[in-house]
Amino acid sequence: MKHLISIADLSSEELWHILNRARQLKDEWRSGGNRPILKGKVMGMIFQKPSLRTRISFDVAMLQLGGQALYISPDEIRLGERESVPDVARVLSRYVDVIMARVFSHQHIVDLATYSRVPVINGLSDYSHPCQGIADMFTIWEKLGYLKGVKLTYVGDANNVAVSLLFAATKLGMDFTIAHPPGYGLPAEVLRRAEEFARGSGSRITVTHDPVAAVRGAQVVYTDVWTSMGQEAEKAEREAVFPPYQVNIALLSHARPDAIVMHCLPAHRGQEITDEVADSSHSALFDQAENRLHAQKGILAFLMVDQVA
Ligand code: CP
Ligand code: NVA
């Protein structure tokens, strides 16, 4: 049985399998022919934090594939407070066929997977956001037609989204550059693992504090919020440090003229990204959001259909 805890755990073949599955299921969806490959299957969705995209795209993906999703709100089971994480996993996995969880502590995802009888999907933790990373690779592949050698630059906070992007990019042979303020970089362990993946795939990793140098020649410019969910106490401090890392027209003018701009959303317009960029012809933001639906289907098919076939 497989889980989706981190993109680092997937081989490049498995990543490509999910991307191809997403492609196929998107084509079927477009032609109005969703097949009920998850008929009768139920997903339990544990949320400790808010969500629009992750919640709705998983819910709709399950429905369109013939199954059903149950939303479990933060107050419902109070993961690790009302009941221990292992006991929640033991009980929930007797009822449902797959568990998706959005948590504060990544360790909760690891513990859920350890004690669950069914696949567990990380729907965002303080460490990573693999479903987002997979949907982003799918979007870049769809827009550019290839992934190997693509130059992707991430500007801003080296957060959970950045970690998943880095792992995906280095598994798939893309060049990954990150520009972040001093003190807001990637964990050393993440960089070490990504360097190992890069050696295998031919990716190049560049880390800098200079956003202009970072976006030079970029085909994809990616950003995310300066303050992630759970970091609200650091908001003022972060807002003082991050403005030079805003993705605006001036910064974008240093990227390739046909560069696409990505953001996992929700965006704080006027902070990490301006309206001018978010609503420009460069923006892939809403195709990217739509592709969460198709990518979730690829992930579900990989974990629940293809693994047991
Ligand atoms: N990008 C993303 O995960 O959005 P939500 O927080 O709305 O799920
Ligand atoms: N880095 C953001 C992503 C939200 C989808 C957060 O964790 O809040």
Side-chain angles (χ1 to χ4, degrees), residues 4-7 22 43-62 69 71-74 99-109 121-140 154-168 178-181 184-187 190 220-235 237-239 241-242 245-247 261-269 271-273 278 283-300:
L4 178 56
I5 297 176
S6 166
I7 289 178
M43 165 181 265
M45 304 193 293
I46 300 173
F47 279 92
Q48 289 189 315
K49 298 172 178 172
S51 169
L52 169 61
R53 281 143 291 270
T54 306
R55 176 185 173 178
I56 306 301
S57 61
F58 266 120
D59 202 334
V60 172
M62 286 301 294
Y71 171 72
I72 306 163
S73 75
I99 295 171
M100 193 276 295
R102 168 167 287 195
V103 299
F104 287 97
S105 162
H106 186 72
Q107 190 58 42
H108 284 175
I109 297 285
I121 299 172
N122 175 1
L124 181 147
S125 69
D126 56 355
Y127 173 68
S128 67
H129 194 1
C131 300
Q132 183 69 51
I134 289 170
D136 295 339
M137 292 300 121
F138 183 63
T139 302
I140 298 168
Y154 181 97
V155 181
D157 186 27
N159 60 17
N160 44 8
V161 169
V163 166
S164 290
L165 272 178
L166 171 63
F167 285 151
I178 183 165
H180 63 76
Y184 293 91
L186 293 158
V190 166
V220 181
V221 177
Y222 200 116
T223 192
D224 185 18
V225 292
W226 296 337
T227 305
S228 286
M229 293 181 278
Q231 297 174 329
E232 290 77 9
E234 299 169 27
K235 193 168 175 284
E237 198 181 308
R238 287 170 169 269
E239 283 175 10
V241 168
F242 276 95
Y245 296 82
Q246 181 185 66
V247 175
V261 174
M262 300 180 73
H263 188 312
C264 61
L265 302 178
H268 293 155
R269 287 165 174 255
Q271 290 198 0
E272 75 276 1
I273 193 166
S283 171
L285 271 52
F286 302 104
D287 291 335
Q288 191 185 348
E290 180 193 311
N291 280 337
R292 291 295 305 278
L293 171 65
H294 310 300
Q296 313 300 34
K297 289 181 182 172
I299 292 165
L300 290 167

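Heavy atoms only: backbone and side chains are in, while hydrogens, waters and symmetry mates are out. Both counts, for ligands and for their atoms, begin at 1 and track the order of listing.
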query: Hey, which atoms in ligand 2 end up nearer than 4.0 Å to a heavy atom of L124?
result: 3 (C), 4 (C), 5 (C), 7 (O)

message: I want to know if ligand 2 touches T227 in the polar sense, i.e. an N/O pair below 3.5 angstrom.
response: no

message: Rounded to the nearest 0.5 Å, what separates atom CE in M62 from atom NZ in K297?
response: 11.5 Å

N160 neighbourhood, listing ligand 2 atoms whose heavy-atom distance to it stays under 4.0 Å: 1 (N), 2 (C), 6 (C), 7 (O)

field: Nearest-contact summary for atom 3 (O) of ligand 1 - protein heavy atom, Å
entry: H129 NE2, 2.8 Å

field: Shortest protein contact, atom 6 (O) of ligand 1 (heavy atom only)
entry: R102 NH1, 2.7 Å

- request: Mark up the atoms of ligand 1 that fall under 4.0 Å of a heavy atom belonging to S51, in ascending order.
  value: 5 (P), 6 (O), 7 (O), 8 (O)

message: Once rounded to the nearest 0.5 Å, what's the spacing between atom OG1 of T54 and atom CZ of F47?
response: 6.0 Å

- request: State the CD1-CZ distance between I121 and F58, to the nearest 0.5 angstrom.
  value: 4.0 Å

message: Suppose we measure from atom 7 (O) of ligand 1 to each protein heavy atom; which comes out shortest, and what is that distance?
response: L52 N, 2.6 Å

query: So which of R269, E272, Q288 actually passes side-chain hydrogen bond (donor to acceptor under 3.5 Å, both in side chains) with H263?
result: E272

- line: D224 heavy atoms within 4.0 Å reach ligand 2 at atoms 1 (N), 2 (C), 3 (C)

- line: Among S228, S128, C131, closest by heavy atom to atom 2 (C) of ligand 2 is S228

- request: For C264, counting its heavy atoms only, list the atoms of ligand 1 lying under 4.0 Å from any of them.
  value: 1 (N)

statement: protein heavy-atom neighbour closest to atom 2 (C) of ligand 1 works out as R292 NH1, 3.3 Å

query: Which atoms of ligand 2 sit under 4.0 Å from any heavy atom of L265?
result: 5 (C)

task: Look only at interatomic distance and state if M229 has a nitrogen or oxygen under 3.5 Å from any nitrogen or oxygen of ligand 2.
output: yes

- request: Compute the minimum heavy-atom distance from L124 to ligand 1 and say whether it is under 4.0 Å.
  value: no

field: Residue, atom name and distance, where the atom is the protein heavy atom closest to atom 4 (O) of ligand 1
entry: R53 NE, 2.8 Å

query: Got an N/O contact under 3.5 Å between N159 and ligand 2?
result: yes

